[in-house]
There are 2 protein chains.
Amino acid sequence: MKHPTVSQQTRTDAGLAAVLRVAVGRLARRLRAQRPDASLSLGQTAVLFTLARHGQMTPRALADHEKVQPPSMTRIIAALEERELVHRTKHPDDRRQQLVELTEEGIRLVRADRRRREAWLTQRLGELTPDEKATLRKAAEILDRLSQS
Amino acid sequence: MKHPTVSQQTRTDAGLAAVLRVAVGRLARRLRAQRPDASLSLGQTAVLFTLARHGQMTPRALADHEKVQPPSMTRIIAALEERELVHRTKHPDDRRQQLVELTEEGIRLVRADRRRREAWLTQRLGELTPDEKATLRKAAEILDRLSQS
DNA sequence: AGAACTCATTACTTTTGCTAACAGTATCTC
DNA sequence: GAGATACTGTTAGCAAAAGTAATGAGTTCT
């Protein structure tokens, strides 16, 4: 229990889990504070990007995808709709459901966000070696899969 | 804006930042829900592990390390102290400061947590290839450095 | 047709972090 | 050495974000 090195801690799956968990928690907190467009929450941004990638989705599908409970997604969508970044249409087959998709402005915002994202994280990434960035590229994809499974 | 692949999105630092941000946010949310000892928050667990690794630390040092404001750390420490996982002593040289360290029970809990962490994340990690796990090992260290800088 | 389930929402609560303001202590400057 | 200044930890009050429980509308199963 003295001062185990990181490599010692990550030899096992459990140790890796511990380290990863702390690292992800810390970075998430940091990101929450440093977000570029302060008026958009982390969750809202995530939904915008998910919609940009997948097109139309139902609120339920979005909630599942973002690993959030449906009421939370209702709120996120309401906030995005208020700002006209997103709009809802009725599901053609099932009148309980809705389909959410980006508005023109939503698409513009995603694009603009991509362009001008010289924010905190991008800067930090710039300080890394190409090798490290390559590692993160691969890791991002794995992390995404992890939270899906 | 149709369906760009991940590799397209991560070619640039900005694109990588976007993907990483979403992935980290999603995983952090997921971890919050899936944590092994439900009575311990993510922040509390992080502090426990930090103390296990660094020994005695002042509240201020802990706050800086966890990227949290001092009042938040006060609460985290208070909660841990309430459960007698941690205890405080006066700093020998500076009477403003305190030193926080794990109690015997805190050490036990960290050990037990490590042992019985067959929880969600560990299981998920088990499904990865050795290569992917190696990537995450490296990534964990980089992510940690990112949130420090 | 009725029971059971699903989807989205509302209402309420909990968690978690923040800023501002403070009391006590240390350090710097004259 | 005395007073100003800065730092440490805490309290108080607030805000953001997510969770659970309950509800109304719609669908599916038997």
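All chains are named by letter (A, B, ...) in the order of the sequence lines, taking the proteins before the strands, and each is independently numbered beginning at 1. Hydrogens, waters and symmetry mates play no part in the numbers below; they use all other heavy atoms, side chains included.
We find that CZ of B:R30 is positioned 15 Å from P of D:dA18, with the value rounded to whole Å. Rounded to whole Å, the distance from CG on A:L40 to P on D:dA16 is 14 Å.
Counting only heavy atoms from C-beta on, B:D94 has its side chain closest to C:dT25 among D:dG9, C:dG17, C:dT25. The nucleotide whose nearest atom lies closest to any side-chain atom of A:R29 is, among C:dA20, C:dG17, C:dT16, C:dG17. Considering only the side chain of A:P71, D:dA21 comes nearest among D:dT10, D:dG26, D:dA21.
Summary of the strand contacts: B:Q44 and A:R88 both lie near DNA chain C, and taking for each the nucleotide with the nearest heavy atom, the more 5' one is attributed to A:R88.
In this structure, the ring-ring contact (aromatic ring centres under 6.0 Å, His included) partners of B:H65, at least two apart in sequence or on a different chain, are B:H54.
Without hydrogens or angle criteria, B:R124 side chain to B:W120 main chain gives a donor-acceptor distance under 3.5 Å.
Contact of the A:Q98 side chain with the A:H91 side chain is not registered, since no non-hydrogen atoms from C-beta on lie closer than 4.5 Å.
Regarding contacts with the backbone of C:dT6, every side-chain N or O of A:R95 stays at 4.0 angstrom or more from both OP1 and OP2. Distances shown here put every side-chain N or O of B:S72 at or beyond 4.0 Å from the OP1 or OP2 atom of C:dT16. The shortest distance between the side-chain N/O atoms of B:T74 and the OP1/OP2 oxygens of D:dT10 is below 4.0 Å. At the phosphate of C:dT16, neither OP1 nor OP2 sits under 4.0 Å from any side-chain N or O atom of B:R75. Considering only side-chain N and O atoms, A:Q98 lies under 4.0 angstrom from the phosphate OP1 or OP2 of C:dT9.
Among the heavy atoms of the strands lying under 4.0 Å from A:P70 is at least one base atom, whether or not backbone atoms are also near.
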Derivation and outcome, salt bridge (charged side-chain N to carboxylate O under 4.0 Å, His left out), residues B:E66 and A:R29: CA-CA 9 Å; B:E66 302 303 330; A:R29 266 195 305 274; 3.6 Å; yes
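Scanning atom types as modelled, no donor and acceptor separated by under 3.5 angstrom connect the side chain of B:R60 and the base of D:dT8.
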